Q: 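Here you go, one structure.
When reading the values below, keep in mind they use all heavy atoms of this one structure, side chains included, and skip hydrogens, waters and symmetry mates. In this text the structure is predicted, and so the values were computed from the model without any measurement.
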Amino acid sequence: MEENKYATSFFVDGQLFAIDTEAVRHILENTRPTPVPLTKPFVSGIINNHGTMMPVLDLRKLLDRKPDDTLREQCIIIIGVEENGKEEMVGLKVDEMDDVFEYSPDDFKSDTVLDLTPEVHNAVAGTIKKADNFVCLLKTNDLAAAML
């Protein structure tokens with residue numbers, strides 16, 4: 001029997017998403033990435049985090065959602081992804097953090113009916129039933145691959 005897993009959930013454009021909690025290194029609030037010319041449209045820029053320069057992926061843009069200038073605080077979730085046999089740090093810009101929750105294999109479904117951009121389609125692991133909501137679980141390595 002499979003063990004329960006943990007996911008870290010967050011909002012983008014009012015919709016609930018999550019990533020595997022094991023990938024989360026830390027969360028930054030009110031950090032603005034420095035734009036970099038000639039990057040993909042969904043790359044917000046780079047940040048310096050404890051001496052490490054890392055790219056930041058704007059999930060709102062990647063999901064083809066309109067910008068929301070009324071948001072007072074946006075967060076950047078720093079995740080570790082496997083790249084060429086070593087861990088690379090990448091930032092995921094989200095609208096708002098939700099929580100860390102535990103789910104069982106019975107709560108997870110790999111099929112999904114979500115309408116997604118081509119860049120995100122391969123990064124979706126499936127959906128998780130969380131209380132009265134469904135959460136879209138994203139695969140961090142595949143999500144970062146869209147940017148790297």
Q: Could you state the interatomic distance from CD (Glu87) to CD1 (Ile79), rounded to the nearest 0.5 Å?
A: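 Between Glu87 CD and Ile79 CD1, I get 9.5 Å after rounding to 0.5 Å.
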Q: Within 45° of the six-membered ring axis of Tyr103 and under 6.0 Å from that ring's centre, is NZ or CZ of Lys5 located there?
A: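 Checked: cation-pi criterion not met.
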Q: Does CZ in Arg25 sit with more than 12 non-hydrogen atoms of other residues, nucleotides or ligands closer than 6.0 Å?
A: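 Enclosed.
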Q: Can you measure from OG1 (Thr127) to NZ (Lys109) and round to the nearest 0.5 angstrom?
A: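 Here the interatomic distance stands at 8.0 Å.
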Q: Supply the atom-to-atom distance Leu59 CG to Asp64 CG, rounded to the nearest 0.5 angstrom.
A: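 So the CG of Leu59 and the CG of Asp64 are separated by 13.0 Å.
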Q: Give the other cluster members for Met53, using side-chain heavy-atom distances under 4.5 Å between Ile, Leu, Val, Met, Phe, Trp and Tyr residues; answer none if it is isolated.
A: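 Members other than Met53 - counting any ILVMFWY side chain reachable under 4.5 Å - are Val36, Ile46.
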Q: Tell me the closest heavy-atom pair linking Lys61 and Pro41, and the distance in Å.
A: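 Lys61 and Pro41 have their closest heavy atoms at CD-O, 3.3 Å.
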Q: Under 3.5 Å, is there a donor on one side chain and an acceptor on the other for Gln74 and Asp95?
A: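 Gln74 vs Asp95: donor-acceptor pair found between side chains.
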Q: Which pair of non-hydrogen atoms, one from Val135 and one from Phe17, has the smallest distance, and what is that distance?
A: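 In terms of heavy atoms, the two residues are closest at CG1-C, 3.5 Å.
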Q: With Leu92 as reference, evaluate Ile76, Val56, Ile19 under the side chain to side chain contact (heavy atoms under 4.5 Å, CB included) test and give the passing residue.
A: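 Only match with Leu92 under side chain to side chain contact (heavy atoms under 4.5 Å, CB included): Ile19.
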Q: With sequence neighbours excluded, what pairs up with Asp99 under the side-chain contact (heavy atoms from CB on, under 4.5 Å) test?
A: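 Only Ser9, Phe101, Lys130 meet the side-chain contact (heavy atoms from CB on, under 4.5 Å) criterion with Asp99.
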Q: Nearest 0.5 Å, please: how far is OG1 in Thr31 from NZ in Lys93?
A: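 It is 10.5 Å, given to the nearest 0.5 Å.
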Q: Taking it one step at a time, do Val124 and Cys136 satisfy side-chain contact (heavy atoms from CB on, under 4.5 Å)?
A: CA-CA 7 Å; Val124 173; Cys136 178; 3.9 Å; yes
Q: Could you tell me which non-hydrogen atom of Ile77 sits nearest to which non-hydrogen atom of Phe10, and how far apart they are?
A: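 Closest approach of Ile77 to Phe10, heavy atoms only: CD1-CD2, 3.6 Å.
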Q: Within the structure provided, determine whether Glu22 and Asp20 are in side-chain contact (heavy-atom separation under 4.5 Å).
A: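 Yes, at least one pair of side-chain atoms sits under 4.5 Å.
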Q: Would you say Leu57 and Phe11 are hydrophobically clustered, going by side-chain heavy atoms of ILVMFWY under 4.5 Å?
A: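 Each belongs to a different hydrophobic cluster.
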Q: Return the CD1 to CG distance between Ile128 and Asp106, rounded to the nearest 0.5 Å.
A: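 The CD1 atom of Ile128 sits 12.5 Å away from the CG atom of Asp106.
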Q: Should Leu138 and Phe108 be regarded as members of a common hydrophobic cluster, given that ILVMFWY residues are connected when their side-chain heavy atoms come within less than 4.5 Å of each other, either directly or indirectly?
A: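 As far as the 4.5 Å side-chain criterion goes, Phe108 and Leu138 are not connected within one cluster.
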Q: Could you give the distance from CG (Asn133) to CD (Gln15), rounded to the nearest 0.5 Å?
A: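 It is 11.5 Å, given to the nearest 0.5 Å.
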Q: If you compare all heavy atoms of Met89 against all heavy atoms of Met54, which two are closest, and at what distance to 0.1 Å?
A: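 Of all heavy-atom pairs spanning Met89 and Met54, the closest is O-CB, 3.3 Å.
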Q: Under the 3.5 angstrom rule, does the side chain of Asn49 hit a backbone N or O of Thr52 as a donor-acceptor pair?
A: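 No; judged by distance alone, with no hydrogens or angles, the pair does not exist.
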Q: Would you name the heavy atoms of Ala123 and Asp142 that are closest together and state the gap between them?
A: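 Where Ala123 meets Asp142 most closely, the heavy atoms are CA-CB, 3.8 Å.
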Q: For Ile78, run the side chain to side chain contact (heavy atoms under 4.5 Å, CB included) check against Ile47, Val24, Val90 and tell me which one passes.
A: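 Going through Ile47, Val24, Val90 one by one, the side chain to side chain contact (heavy atoms under 4.5 Å, CB included) with Ile78 is satisfied by Ile47 alone.
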Q: Any side-chain heavy-atom pair from Leu16 and Asp98 closer than 4.5 angstrom?
A: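 Sidechains of Asp98 and Leu16: in contact.
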Q: Sub-3.5 Å donor-acceptor pair from the side chain of Arg60 to the main-chain atoms of Val12, do we have one?
A: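 Such a contact is absent between Arg60 side chain and Val12 backbone.
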Q: Test of understanding: with side-chain contact (heavy atoms from CB on, under 4.5 Å), list the residues that count as partners of Asn4, not counting sequence neighbours.
A: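 For Asn4, the residues satisfying side-chain contact (heavy atoms from CB on, under 4.5 Å) (neighbours in sequence not counted) are Glu102, Ser104, Pro105.
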Q: Taking Lys129 for its side chain and Ala131 for its backbone only, find out whether a donor-acceptor pair lies under 3.5 Å.
A: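 Checking the backbone N and O of Ala131 against the side chain of Lys129, a donor-acceptor pair under 3.5 Å is found.
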Q: For Thr8, does its backbone N or O pair with a side-chain atom of Thr21 as donor and acceptor, under 3.5 Å?
A: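 Here the side-chain-to-backbone pair exists.
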